[in-house]
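Worksheet for the structure shown next.
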Amino acid sequence: MNNLKRVLSLALSGIMLVGMMAIGASAADFSDADEIQHTDAVNVLVALNVINGKDDGSFDPTGNVTRGQMAKMIAVAMNGGSDTNTGVKGTPSFTDIKGHWAESYIEYCYDLNIISGRGDGTFDPGANVTGLEATKMVLTALGYDATAYKLTGNSWAVRTDEVARTMTGQGWT
């Protein structure tokens, strides 16, 4: 789990490199910049407005990423660094997201079939995202059809790992 931010940073950087435009902010601007190991990846994500750190000015490279935070990062990345501005639904797609700060990002990712929840009608936005969950989200954001690649159902985790290993020659987990 400690490597999740590194994996996430590298994966999202790969998604966005083609359209990268350099702007002023960088990993060096975080109060804990000396703890960031993958500054190039963080710089890309900061420049693209996908991440902006914590309210206290830190990045917290060893911290966890929640499922809600992951949905926001993917939604912003897919919108070229801008918020989705999609609003919220009268009846949320998941029973546990109404009023959550990431509700519109979760709905955006759900509408694009990037996320599918826990299988019991919930999304669990405050739970830590696992490496396999993050990988599945990134794969589907990259255009891998979850149904065609069998990234849903009981074997979603095994299939996600297999697809990631095929893509990278070693896997992301």
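Model, not experiment: these values are computed from the prediction.
Within 6.0 Å of CG on Asp56 lie more than 12 heavy atoms contributed by other residues, nucleotides or ligands.
Glu133 places none of its side-chain heavy atoms less than 4.5 Å from the side chain of Ile115. The closest side-chain heavy-atom distance from Tyr105 to Val76 is below 4.5 Å. Looking only at side-chain heavy atoms (C-beta outward), Ser82 and Asn49 stay at 4.5 Å or farther from each other. You'll find the side chain of Phe59 stays beyond 4.5 Å of the side chain of Val46, heavy atoms only. Inter-residue side-chain proximity for Ile51 and Met73 is flagged as met; some heavy-atom pair is nearer than 4.5 Å. Looking only at side-chain heavy atoms (C-beta outward), Met78 and Ile114 come within less than 4.5 Å of each other. Here the side chains of Asp60 and Glu35 are not in contact, with every heavy-atom distance at 4.5 Å or above. Residues Pro125 and Asp96 are in side-chain contact: their nearest non-hydrogen atoms beyond the backbone lie under 4.5 Å apart.
A continuous path of Ile, Leu, Val, Met, Phe, Trp and Tyr side chains, each step under 4.5 Å between heavy atoms, connects Leu142 with Val163, placing both in one hydrophobic cluster.
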Query - side-chain contact (heavy atoms from CB on, under 4.5 Å) evaluation trace for Tyr144 with Val138 - result: CA-CA 9 Å; Tyr144 284 78; Val138 170; over 6 Å; no
Requested in this report: Check the pair Asn113 / Thr140 against side-chain contact (heavy atoms from CB on, under 4.5 Å), numbers first and verdict last.
Outcome: CA-CA 7 Å; Asn113 295 317; Thr140 54; over 6 Å; no
Requested in this report: Just do the side-chain contact (heavy atoms from CB on, under 4.5 Å) check on Val129 and Met137 with the steps written out, would you?
Outcome: CA-CA 10 Å; Val129 67; Met137 291 177 193; 4.1 Å; yes
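When atom types are taken as modelled, the side chain of Glu103 and the backbone of Gly99 share a donor-acceptor pair closer than 3.5 angstrom.
Between the side chains of Asp124 and Thr122, no donor-acceptor pair of N or O atoms lies under 3.5 Å.
Using a cut-off of 4.0 Å between Lys/Arg side-chain N and Asp/Glu carboxylate O, Lys150 and Asp145 are scored as not salt-bridged. The pair Arg159-Glu162 meets the salt-bridge criterion, with a side-chain N (NZ, NE, NH1 or NH2) lying under 4.0 Å from an Asp/Glu carboxylate O.
At least one test fails for Arg118 against the ring of Phe123: distance under 6.0 Å to the centre or angle within 45° of the axis.
Between Phe94 and Tyr110, the ring planes are perpendicular. Angles over 60° get that label, and only those under 30° would be called parallel.
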